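In what follows, a single structure is set out as structure tokens and then discussed.
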Amino acid sequence: RSSIDYSENLLEQAKQELNRIDEFTQRIQDVFAHSKNSAPSSIARELGEMRIQFFQAMDDDFNTPEALAVLFSLIRQGNILLTANAISKSEAKEIISFLKDIDAFFDFIFFGREKQNIPAKIAQLVQQREKYRTQKNWQNADELRKQIELQGWQVEDMETGPKLKK
């Protein structure tokens, strides 16, 4: 067994990794809730192998680093396919099921987290920015993005429209 390393940098890294997991979980839940895509992607055949790898790692004296590597591999591949709008509703359901299996061990995936209330001022800026984007007025759209970011919000442009996160 090895001792636990602690530093502020490692703590910040862990926080970023948890945020990455949370963001992926939200994105995949959104696909499950709203997707009309039924075409299978490459992740369907890889998901079974990832499940096997994850449980083998857990059976190997609770090999957490290896198990988490499988999780982040899923997130990396899943995010690529999510960006390309290439994950079907049934695949999203399978991924959510796998994430719940993982969470049974670690209990750090935030399923069903309440969405933050977006202040009216921010919502107006996002709406105006979206108008500029549809008009291809990129300079004004970028300026509004900066204003939104100064208020502590990030805008993520999705196929279904802009998404905000704090």
Side-chain angles (χ1 to χ4, degrees), residues 8-47 50-51 54 68-103 106-166:
E8 289 298 319
N9 288 342
L10 289 174
L11 195 58
E12 183 59 31
Q13 180 182 352
K15 181 180 174 185
Q16 290 172 359
E17 289 170 349
L18 286 172
N19 284 337
R20 187 172 167 211
I21 294 166
D22 191 32
E23 287 174 16
F24 177 73
T25 302
Q26 281 299 127
R27 290 182 76 191
I28 205 70
Q29 287 176 321
D30 287 346
V31 168
F32 180 68
H34 305 293
S35 178
K36 297 186 183 357
N37 182 1
S38 60
S41 69
S42 60
I43 205 161
R45 63 183 168 272
E46 294 175 35
L47 201 53
M50 287 180 187
R51 276 184 182 274
F54 176 81
L68 291 176
V70 173
L71 172 60
F72 283 107
S73 177
L74 169 65
I75 291 171
R76 185 175 42 260
Q77 292 176 35
N79 277 329
I80 291 168
L81 293 169
L82 283 166
T83 300
N85 197 27
I87 293 182
S88 70
K89 186 175 189 123
S90 64
E91 289 170 329
K93 183 178 180 180
E94 287 294 316
I95 291 169
I96 291 167
S97 172
F98 183 33
L99 290 172
K100 287 182 179 180
D101 289 345
I102 291 170
D103 203 40
F106 297 117
D107 196 30
F108 57 54
I109 300 176
F110 304 112
F111 290 103
R113 175 183 277 184
E114 285 187 32
K115 295 194 177 192
Q116 295 176 320
N117 289 331
I118 300 168
K121 178 182 176 184
I122 300 298
Q124 288 173 337
L125 289 172
V126 170
Q127 187 177 21
Q128 183 61 45
R129 179 179 176 273
E130 199 58 20
K131 281 183 186 176
Y132 286 142
R133 291 190 65 215
T134 58
Q135 297 167 358
K136 299 190 185 315
N137 186 338
W138 309 120
Q139 184 176 359
N140 286 345
D142 287 345
E143 183 59 38
L144 286 179
R145 177 189 288 273
K146 289 177 189 171
Q147 288 181 32
I148 293 165
E149 288 174 351
L150 286 173
Q151 299 295 318
W153 292 85
Q154 290 179 310
V155 179
E156 189 175 333
D157 295 316
M158 308 295 288
E159 187 175 301
T160 57
K163 263 200 155 157
L164 282 174
K165 58 185 176 182
K166 191 84 168 141

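These figures come from a predicted structure and were not determined experimentally.
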Margin query: Are R145 and P162 packed together at the side-chain level, in the sense that at least one heavy-atom pair is separated by less than 4.5 angstrom?
Written below: no

Practice task
Examine distances only and state if a side-chain atom of R133 and a backbone atom of A141 form a donor-acceptor pair shorter than 3.5 Å.
Solution key: no

What one should report as the nearest heavy-atom pair of I87 and A92 is CG2-N, 3.8 Å

When every non-hydrogen atom of K89 is compared with those of A33, the smallest separation belongs to NZ-O, 4.0 Å

Take atom CD in E12; do more than 12 heavy atoms of anything else shown fall under 6.0 Å from it?
yes

- Message: side-chain contact (heavy atoms from CB on, under 4.5 Å) for L82 and F24? Distances and angles first, verdict last.
- Response: CA-CA 9 Å; L82 283 166; F24 177 73; 3.7 Å; yes

Working note: N9 + Q13, criterion side-chain contact (heavy atoms from CB on, under 4.5 Å); need CA distance, chi angles, decisive distance, verdict.
CA-CA 6 Å; N9 288 342; Q13 180 182 352; over 6 Å; no

Separation between CD (Q124) and CG (L144), nearest 0.5 Å, reads 11.5 Å

Output for pair (L125 CG, W153 CH2), nearest 0.5 Å, gives 12.0 Å

Rounding to 0.5 Å, atoms CG (L68) and CD1 (I102) come to a distance of 8.5 Å

Indicate yes or no: at least one non-hydrogen side-chain atom of V155 is less than 4.5 angstrom from one of E130. no

d(I148 CD1, K146 NZ) to nearest 0.5 Å is 12.5 Å

Given the options L71, I21, I75, L99 meets side-chain contact (heavy atoms from CB on, under 4.5 Å) only with L71

Q128 vs Q147 side-chain heavy atoms within contact, under 4.5 Å: no

So CH2 of W138 and CD of E143: to nearest 0.5 Å the spacing works out to 16.0 Å

message: Looking at R20 and E17, is any side-chain nitrogen of the basic one under 4.0 Å from a carboxylate oxygen of the acidic one?
response: no

Under the 3.5 angstrom rule, does the side chain of D22 hit a backbone N or O of I109 as a donor-acceptor pair? no

(Q) Side chains of Q77 and S73 only: does a donor on one sit below 3.5 Å from an acceptor on the other? (A) yes

Q) Do M50 and I95 have side-chain heavy atoms sitting under 4.5 Å apart? A) no

Is the backbone of N79 close enough, under 3.5 Å, to the side chain of T83 for a donor and an acceptor to pair up by distance?
yes

Output for pair (D101 CG, F54 CZ), nearest 0.5 Å, gives 8.0 Å

(message) For the CD atom on Q127, are there more than 12 heavy atoms of other groups (residues, nucleotides or ligands in this structure) within a distance under 6.0 Å?
(response) no

